[in-house]
Amino acid sequence: MKTQELVAQIKQKKSFLCIGLDVDLNKIPPHLLKEEDPIFAFNKAIIDATHHLCVSYKPNTAFYEAYGLKGWKSLEKTIHYLNENYPEIFTIADAKRGDIGNTSTMYAKAFFEDLAFDSVTVAPYMGKDSVEPFLAFEDKHTIMLALTSNEGAFDFQTKKVDEHELYKQVLATSKNWKNSENLMYVVGATKAEYFAAIRKIVPNSFLLVPGVGAQGGNLADVCKYGLNENIGLLINSSRGIIYASNSDNFAEKAAKKALKIQQQMKNYIK
């Protein structure tokens with residue numbers, strides 16, 4: 001998917017909501033456990049109920065890998081269902097891969113070619129060798145961890161090296177990598193005060209923003225400092241939407257949660 005297509009969808013739906021499909025069999029409605037594939041049954045219901053309110057879905061691959069081959073099959077069925085029925089949706093494989101050379105290329109092929117995701121999250125700790133193989137794929141996006149929302153982010157990301165915070169150096173350096181126009185960045189919503197500084201370095205890039213909702217991030221603060229001319233934000237909510245209810249009408253309840261966020265978002269879209 002080209003960036004312009006994502007922007008067009010944002011304007012059409014008046015939404016920049018990304019829904020995280022992080023499926024835990026211990027949290028889904030009990031009646032779904034009788035299904036042949038409970039994970040896919042859950043995802044399909046959530047997708048059908050919310051696709052008109054969001055522009056992106058983000059399965060975290062750990063929640064599928066944990067269930068072995070069956071879990072991977074569920075992930076495959078989920079992405080194929082999205083691509084066949086809602087091709088306008090921007091899909092993110094939240095895999096946080098980080099390796100070099102041929103290994104990164106193989107990771108990229110797995111998510112971009114075999115599963116046909118539009119994007120994948122990567123860790124930049126090993127430098128351009130670990131990111132450029134992903135950037136080589138045409139019309140695909142690489143979403144690089146920049147400043148995350150976890151407590152441990154302060155262990156390294158905000159430490160100063162030569163008087164500059166490490167995350168700022170990572171952002172600035174990545175702009176010089178080959179095909180860097182295909183980069184997006186992960187910035188946690190709980191770090192809203194950092195968005196102004198980040199926008200000075202990557203003013204035109206899309207930022208994937210987890211942490212709104214269950215993790216305590218504030219949509220208004222993120223938008224105040226993070227919006228650009230094309231919106232430039234994908235605000236992710238996972239648990240707050242998909243686990244809104246554990247009853248038979250769980251998908252309807254999830255849609256109501258998504259609608260509440262979308263209604264807030266439309267005020268920021270001209």
For this session: For side chain to side chain contact (heavy atoms under 4.5 Å, CB included), just list the numbers for Ser104 and Asp99, CA-CA rounded to whole Å, side-chain angles, deciding distance to a tenth of an Å, and then say yes or no.
Result: CA-CA 5 Å; Ser104 280; Asp99 213 312; 4.2 Å; yes
For this session: Start with the C-alpha distance between Val7 and Phe206, add both sets of side-chain angles, then the distance that settles side chain to side chain contact (heavy atoms under 4.5 Å, CB included), and finish with yes or no.
Result: CA-CA 10 Å; Val7 173; Phe206 262 87; 3.9 Å; yes
Problem set entry | Verdict with supporting geometry, Trp72 and Tyr67, side chain to side chain contact (heavy atoms under 4.5 Å, CB included) | CA-CA 8 Å; Trp72 197 260; Tyr67 298 107; over 6 Å; no
Exercise. Passes side chain to side chain contact (heavy atoms under 4.5 Å, CB included), Ile261 versus Ser237? Steps please.
Worked result: CA-CA 9 Å; Ile261 298 174; Ser237 179; 4.2 Å; yes
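With 3.5 Å as the limit, one finds no donor-acceptor pair spanning the side chains of Thr78 and Tyr57. Checked by atom type, the side-chain pair Tyr185/Ser174 shows a donor-acceptor distance below 3.5 Å. A donor and an acceptor atom, one from each side chain of Asp22 and Tyr64, are nowhere located under 3.5 Å apart. Thr61 and Glu65 are linked by a side-chain donor-acceptor pair at a separation below 3.5 angstrom, with hydrogens and angles left out of the test. Using modelled atom types and a 3.5 Å distance limit, the side chains of Thr142 and Asn182 yield no donor-acceptor pair.
Asp118 has its side chain out of reach of Ile92: every pair of non-hydrogen atoms, C-beta onward, lies at least 4.5 Å apart. A heavy-atom distance below 4.5 Å is found between the side chains of Pro38 and Ile28. Side-chain contact between Ser130 and Val122: absent, with no pair of heavy atoms (C-beta onward) separated by less than 4.5 Å. Here the side chains of Val120 and Ile143 are not in contact, with every heavy-atom distance at 4.5 Å or above.
Checked by atom type and distance alone, the side chain of Asn228 pairs as donor or acceptor with a backbone atom of Gly232 at under 3.5 Å. For the pair Gln9 (side chain) and Glu88 (backbone), a donor-acceptor distance under 3.5 Å is present. The main-chain N or O of His51 is found under 3.5 Å from a side-chain atom of Lys13 such that the two form a donor-acceptor pair. Judged purely by atom type and a 3.5 angstrom limit, Ser238 has no side-chain atom pairing as donor or acceptor with the backbone of Leu21. Judged purely by atom type and a 3.5 angstrom limit, Arg199 uses its side chain to pair as donor or acceptor with the backbone of Val202. With hydrogens and angles ignored, the 3.5 Å screen pairs a side-chain donor or acceptor of Asp24 with a backbone N or O of Asn26. Side-chain atoms of Asn236 do not come within 3.5 Å of backbone N or O of Val209 as any donor-acceptor pair.
Listed by chain and number, the residues in a side chain to side chain contact (heavy atoms under 4.5 Å, CB included) with Asn249 are Ser245, Ser247, Glu252, Lys253 (sequence neighbours excluded).
Between atom SG of residue Cys18 and atom CD1 of residue Ile89 there is a gap of 9.5 Å, rounded to the nearest 0.5 Å. The distance from atom NZ of Lys159 to atom CZ of Phe154, rounded to the nearest 0.5 Å, is 10.0 Å. With rounding to the nearest 0.5 angstrom, the CD atom of Glu84 is 12.0 Å from the NZ atom of Lys77.
Other residues sharing the hydrophobic cluster of Met106, ordered by chain and number and joined by side-chain separations under 4.5 Å: none, the residue standing alone. Under a 4.5 Å side-chain heavy-atom cut-off, the cluster of Ile, Leu, Val, Met, Phe, Trp and Tyr residues that includes Leu259 is completed by Leu53.
In this structure, His141 and Met184 approach most closely via the heavy-atom pair ND1-CE, 3.7 Å.
Identified under the ring pair (Phe, Tyr, Trp, His ring centres under 6.0 Å) test for residues 112-140, with sequence neighbours left out: Phe112-Phe137. Within the structure, the ring pair (Phe, Tyr, Trp, His ring centres under 6.0 Å) test picks out the following pairs touching residues 1-40 (sequence neighbours left out): Phe40-Tyr81. Screening residues 244-270 for ring pair (Phe, Tyr, Trp, His ring centres under 6.0 Å), with sequence neighbours left out, gives Phe42-Phe250.
Between Glu5 and Lys2 there is no salt bridge, since none of the side-chain N atoms of the basic residue sits less than 4.0 Å from a carboxylate O of the acidic one.
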